[in-house]
Amino acid sequence: FDAYRNTELYASNFELVSKELTSVNLGYTKLPIPFLEDRTKLASFNFYHNRFPSTTVNTSDDHKDTFFNSGTESTGYTAYKFNLCTALTIINCYNSNIKGPLPSFNTNPQLETIDIRNTNIYGGDQGVAKNDQQYVISSNVFLGCTKLKSFYMSSKTIAKGTNSNDPTLIVDGIQSNAFADTVSLVNLVIDTRNQVRGRIPSLSSLSNLESLDLEGNKFSGSMPSFVS
C-alpha cells in the first residue's frame, strides 16, 4: 500500500485489512498508523513527514498518533500496532507527529532500522502513564532485537517521570542494559534536546558499532568501555 505524497489525504479512522501486505508507505499524508498486528509478510513501514493531526491528550482518540491501538497518556498505551509482524525490517517515522512511549519490539525479530528522529515520541514503556515512567529507554524496548542495525532517536519532548529530584528530568534516563541484545547495532543516534541526564548505558555488547552520536543530552559520569 503506497499513498506517498498525497499530502491532503486524511482519515480519522483508517484500516488496512489485508493479511498479505508487504509494505505500507504513509509518508507525506495525513493518515494515522493503522492497526497492523500479525501481518507476517509486512517488511517495511514508512511514516516519514506524516502530518496526521495531533490528537487531544486523554480523549478516546488519544492513541491514534501513537504506536498503540488503545489507552491514553494518563493511563498508559497498550496494543502495539505492529505486534507479531515477524518479517518487519524497517520502521521509519522520521519528522512525523507520532507521539507516546516506545513499544517493546521483541515481536519484530527481523527489525534492522528504527528511525524516530524529530518526532514527539517521549519514551518510556507501553502500559505506563507518562508521568510514571522510570526510563526514556528501558531494557524492555529492544529485547530480542539481535538484528537491529540502526536506531535513530531525536525527540521534541521527553517523559518526565517521578524517579527524579528534578521533576523536569529522569535520573539515568536510559537503563544501563537497554542495548544488551542489540549485538548487530551499527548506528546509534540519541538526541533528547538536553532532556535526559545520568550515565551513558552499557555499550559492551555493541562490537559492530560504527557510529555513535549522543549529541544533545545531559549525560554525566564516565564513558563506558566497549569494543568495536
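Values reported hereafter were calculated over all heavy atoms of this structure, with side chains retained and with hydrogens, waters and symmetry mates removed.
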Checklist line | side chain to side chain contact (heavy atoms under 4.5 Å, CB included) between Ile98 and Asn50, worked out | finding: CA-CA 8 Å; Ile98 189 171; Asn50 184 286; over 6 Å; no
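- Remark: the backbone N or O of Tyr80 is not paired with any side-chain donor or acceptor of Asn83 at under 3.5 angstrom.
- Sequence neighbours left out, not one pair with a member in residues 43-55 passes salt bridge (Lys or Arg N to Asp or Glu O under 4.0 Å).
- Aromatic rings of Phe151 and Phe142 (six-membered ring for Trp) have centroids within the 6.0 Å cut-off, being under it.
- Side-chain contact, Asn140 with Asp125: a donor N or O sits under 3.5 Å from an acceptor N or O.
- Using a cutoff of 4.0 Å between basic side-chain nitrogens and carboxylate oxygens, Glu8 and Lys30 are scored as salt-bridged.
- Formation of a donor-acceptor pair under 3.5 Å by the Arg39 side chain with backbone atoms of Glu37 is found in this model.
- Between the side chains of Lys218 and Thr192, no donor-acceptor pair of N or O atoms lies under 3.5 Å.
- A donor-acceptor pair under 3.5 Å is absent between the side-chain atoms of Thr113 and the main chain of Ile91, judged by distance alone.
- The two residues Ser150 and Asn187 have their closest heavy-atom pair at OG-ND2, 3.0 Å.
- Thr55 and Lys99 are linked by a side-chain donor-acceptor pair at a separation below 3.5 angstrom, with hydrogens and angles left out of the test.
- By the 30° and 60° cut-offs, the orientation of the rings of His49 relative to Tyr28 is parallel.
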